[in-house]
2 protein chains.
Amino acid sequence: MSTEPPVSTAPTAPTRRTELLGIAAGLFAEKGFKNTTVRDIAEASGILSGSLYHHFDSKESMVDEILSTFQEELFAAYDAVLGSDVDARTKIDRAVRLSFEAIDQHPHEVAIFQNDAGYLGGFERFGYLAERNAQSRGVWVALLTEGVESGALRDDLDIELTYRFIRDTVWVAVKWYRPGGKHSHVEIADQYLTILLDGISTERP
Amino acid sequence: MSTEPPVSTAPTAPTRRTELLGIAAGLFAEKGFKNTTVRDIAEASGILSGSLYHHFDSKESMVDEILSTFQEELFAAYDAVLGSDVDARTKIDRAVRLSFEAIDQHPHEVAIFQNDAGYLGGFERFGYLAERNAQSRGVWVALLTEGVESGALRDDLDIELTYRFIRDTVWVAVKWYRPGGKHSHVEIADQYLTILLDGISTERP
DNA sequence: GTCTATATGGAGATAGAC
DNA sequence: GTCTATCTCCATATAGAC
């Protein structure tokens, strides 16, 4: 993670810095980190590329701040679900809904993570991305294990594979989900949870 | 699609051309198209970058030939499933297995398509990628619709969302599947089909 | 906080010798 | 079929004026 930006206690007044980060996030999400040039970001911001370096050290610093800020928020939410006092099935329901909600509210950040984490993870500076992945796996494996042990979930599940299927389906949705589109993020979560929990067949074997 | 390479009728003797394409495919899959330089490909092939242009017009030509060749094969297989004389549930089973098998046998090609189709699709030359996507959707929507109408699948399914969930889960597996790893592609398909058809819960509502 | 001007490096691609 | 040599463009980033 990078050096901290000025700490904001209040509900984030849109400073020039955050404004520029928002523009950069949109471009990174749309075209990919590598395919977005500093000049692209500057042009979209109505300034010249040199001026961006008054606000940020480098292009990498920008994506770093975008991702680390978002992940801090996301994982706080996961921890709340994991520690909540409800049954396993409800926790899984909440974790799934939380993820689709994150896609709805932070589509750029999720898209950047999905598309560029592999590339960025190759740099030491972004080592925290792999740590966050491991943390996410830990949450899901805990929830699924709890589900099997409590009898809510089938005991013939391969926890590791099940985790991967859920993670993949949920997060890749950022590639096609459009806020304000035909399906709300709540409807998508409803449909996915129905399928995940009970399957698409009319009858069980 | 690009101009055709020399047509091979026999079981593809590994020409220098296909050898180079294989090396390029591995690098594109691993690092992404944009992040792989022509010099990377040349070095991995034991030659210098200029020499590559004796075999190919451009870096784009290489990825074009890699993708179009693969997709031709893949969609022939889908068409065979779609036209086969079995019930809808069996067709879905076969289509899922076919996809995981494609990941097993052509991991580079699938990875390139997953990671770079968005970027490449922006060029006219790669317009066929979008067409193939539409074709894939057509196959799945047909299978799911047939399943609902025959009574094999629940009639409260949103076909469009269900298609997207299946497509995403199946193809993103290329990011973590490793041939010869802990789970075979058949085991992965088994587990996914179990969950997809019957869900992860012990009991239905 | 932005602009002007520019340094520096790396990318794709080409021409012709061997 | 490969190498040598090189062109050209575009990328990130910097220094200092306004």
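In what follows, chains are A, B, ... by sequence order, proteins preceding strands, each numbered from 1.
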* Structure fact -> Contact string for nucleotides 2-18 of chain C, one letter per nucleotide 5' to 3', B = base within protein heavy-atom range under 4.0 Å, S = sugar-phosphate only, - = neither, reads BBB------BBBB----
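Under the 6.0 Å distance and 45° angle rule, R164(B) counts as a cation-pi partner of W176(A).
Of the possible polar contacts, none joining the D40(A) side chain to the T36(A) backbone as a donor-acceptor pair under 3.5 Å is found.
R125(A) and S61(A) share a donor-acceptor pair across their side chains, judged by distance under 3.5 Å alone. At a cut-off of 3.5 Å, with distance as the only test, a side-chain donor of D64(A) or Y128(A) sits close to an acceptor on the other residue.
The interatomic distance linking L52(A) (CG) with dA15(D) (P) rounds to 17 Å, in whole Å.
Between Y119(B) and K34(A) there is no side-chain heavy-atom pair separated by less than 4.5 Å.
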